[in-house]
Amino acid sequence: MTLATDTAVRADGVVLRYGRTTALDGVSLSLGTGVTGLLGPNGAGKTTLLRVIATAVRPDSGTVSAFGHDALTGPGRLAVRRRLGYLPQDPGFHPSFTAFEFVDYVAILKELTVRSARHAEVRRVLAQVGLDEQRGKRIRALSGGMRQRVALAAALVGDPALLILDEPTVGLDPEQRMRFRELFADLGEDRAVLLSTHQTEDVMSLCRTVVVLDEGRVRFDGTPVELAAQAAGRVWTSETRATGALASWRTGTGSYRQVGDPPLGADLLEPTIEDGYLTLVGLRATEDPR
Amino acid sequence: MTTTWHVPDDDLRAYAGQGLGPPLLWSTETHLASCAVCRSRLAALVPVDAGWARLDAALDAPRPGPVERVLVLVGVPDHTARLLTATPALRLSWLAAVAATLVLTALLANAATPVVFLGVAPLLTLIGVAVSFGPGVDPTYEITVTSPVHAFRLLLLRCVAVLVANTLLCAAATLFVPGYGLTIAGWFLPSLALTVLTLLLSPRLGPAWAAVLVGAGWVLAVTWAEMLPFSAAGQLSLCAVVAVLSVLLARRAALFDVLTTRRIR
């Protein structure tokens, strides 16, 4: 487990069950300033872990603290929520609201009650996500990418010290993803950002640390380079598909890139973060529909 | 457009200093849009840049709907009124449907039995509360739960607003059922009891199923007991039930502070 020197959030031994299903099985991690990536196949428990840290769900056992507050007590939860920006996986909207009205609504939920100051903050965050021109449009008239930006703007209201983002780049085109990446990098300069994603390139380019979750357990906690190194000596190229490889696909050059146990004398390649992730999680990761 | 009325000096100064609150703020902004005299008086009070910033802010500001305006007029703070605008059961279309149903049941009560009116009126309040807040009902529920505004407080705010709106409509509808004296006001305590019971069950069942269960129980009770719940003894019993359920609800307020894991699988 990586222990950040400036720990903002710490979870220890978190267990959460939905009936007979164990969603989180003794998860421990700590978050400091910077962007932390959370990777894992569908059903690994990523969203549940984000909900626990975001104080939306109470775990069955374990401890969660943020900024020195116990997030499992009433007063501690309130203190954490006052410093939290949360973008859920499926952010809901009141579709008849305009982008401005929706973010204004969330700003009130975040205790910004003085009208003029609140509206100034709403304009600031909408500009931050590049929606200042669309602020008067009804949400039902916005594209999926724009809605995602509205939801992100709502999470940014109040300049939160802890930002929890559950798959914020799903459904975005490459240009929008690049803009989000720039924004997340800026935001991670002075706050803790926990980013759940299936995009390994986002993790490689943004994250100071990465956590891989699988079947409710932390399988890896380290830097992106260390994650890539998990596949060191296990990535090779050949002209034919290898049987028994963990993953094998033909590249644009016509040769096969393979991850797994290489044959003797194989032509080894430098592993990527995706290779490291595949090595850790196995084939189930490749079955992920996303 | 010419007008003979102009914004008083004090109000205009307060507006320039951003010290004017709704609803006076809204009427001032509306007037300024159509009155060149007041705009030039305002220009003398505000530096040009600040004036542009104010114009920007005014153009961005959400336009309050009729329900929000009424809420502010009766003294609800503007930010609270804004939170209540997302309540489906406070939309004009919903209130119109409730009013039409009440009038219809009142006419049926005159033609047949007052039980029709007394039984249906609490159900309308119950449905209004059930669709107002909760997982699967409010699209922003998860964001609300993780916000500093306690979800239980928002729930109570919306419930009280729905109860008040329905109570006013029901009270008006009783005028269509003359001849039964105070008995025809017997819908009020069942409305409260059904609402509080639904809230109590909603963390476990969700608001929709809790309302269906409680509503079905009420229909069975009225079908079986007819006017008994609306008699003096029935009303006293309901009063005691409301008190007990309210205490239980207050004790379980913390359940509304997080998502119920059984409901988010």
Side-chain angles (χ1 to χ4, degrees), chain A residues 16-19 21 23 47-48 51 54-60 74 77-98 100-102 104-120 122-123 126 132 135-136 151 154-155 158 164, chain B residues 15 17-22 25-26 53-54 56-65 68 72 77-88 91 93 135-154 157 253-255 257-265:
Chain A
L16 194 144
R17 296 184 188 87
Y18 296 133
T21 307
T47 292
T48 302
R51 281 174 165 160
T55 74
V57 171
R58 200 192 322 256
D60 294 314
R77 222 170 9 244
L78 180 61
V80 174
R81 287 173 179 175
R82 286 189 167 137
R83 306 178 77 170
L84 171 72
Y86 176 44
L87 172 61
Q89 189 174 37
D90 298 309
F93 300 96
H94 296 290
S96 62
F97 279 12
T98 64
F100 190 99
E101 286 170 338
F102 177 75
D104 186 49
Y105 178 85
V106 175
I108 296 171
L109 291 176
K110 290 189 172 187
E111 298 179 320
L112 298 181
T113 53
V114 178
R115 195 170 184 262
S116 54
R118 187 176 75 240
H119 286 182
V122 172
R123 282 195 298 278
L126 283 171
D132 39 355
R135 60 195 178 204
I164 296 177
Chain B
Y15 180 78
Q18 303 195 15
L20 203 61
L25 174 67
W26 300 334
R54 168 169 287 280
D56 268 356
L59 290 173
D60 285 340
R63 296 281 149 228
E68 190 176 349
V72 172
D78 70 305
H79 52 88
T80 303
R82 194 107 267 277
L83 286 182
L84 291 174
T85 56
T87 311
R91 289 190 192 130
S93 54
V137 173
D138 184 338
T140 57
Y141 186 68
E142 194 168 347
I143 291 174
T144 304
V145 164
T146 57
S147 72
V149 169
H150 199 299
F152 187 63
R153 179 173 164 256
L154 184 59
L157 266 176
L255 286 179
D257 198 31
V258 290
L259 300 176
T260 311
T261 49
R262 69 170 57 237
R263 303 212 52 78
I264 56 171
R265 293 175 67 178

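The model shown is predicted, which means the values in this text are computed figures rather than measured ones.
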Review point. Judged by modelled atom types alone, do Arg77(A) and Thr55(A) share a side-chain donor-acceptor pair under 3.5 Å?
Key: no
Point to revise | Euclidean distance, Ile143(B) CD1 relative to Tyr105(A) OH, rounded to 0.5 Å | key: 9.5 Å
Study note, to complete from the structure: Of Thr113(A), Asp104(A), Leu112(A), the largest count of non-hydrogen pairs under 4.5 angstrom with chain B goes to Thr113(A)
Practice item. Answer with side chain, backbone, both or neither: which region of Leu84(A) has an atom nearer than 4.5 Å to a non-hydrogen atom of chain B? Key: side chain
Point to revise | Student check: side-chain heavy atoms of Tyr86(A) and Arg81(A) closer than 4.5 Å | key: no
Point to revise | Heavy-atom pair count under 4.5 Å with chain A, highest-scoring of Val258(B), Thr80(B), Asp78(B) | key: Val258(B)
Exercise for review: Please name all residues satisfying side-chain hydrogen bond (donor to acceptor under 3.5 Å, both in side chains) with Arg82(A), sequence neighbours left out, ordered by chain then number.
Suggested key: Glu111(A)
Point to revise | Most contacts with chain A, counted as non-hydrogen pairs under 4.5 angstrom, among Leu83(B), Thr144(B), Leu154(B), Asp138(B) | key: Leu83(B)
Review point. Checking Asp257(B) against chain A: side chain, backbone, both or neither under 4.5 Å from a heavy atom?
Key: both
Study note, to complete from the structure: Those residues at least two apart in sequence (or on a different chain) that pass side-chain hydrogen bond (donor to acceptor under 3.5 Å, both in side chains) with Arg83(A) are none
Review point. Looking at Pro148(B), Ala254(B), Ser147(B), which makes the most heavy-atom pairs under 4.5 Å with chain A?
Key: Pro148(B)
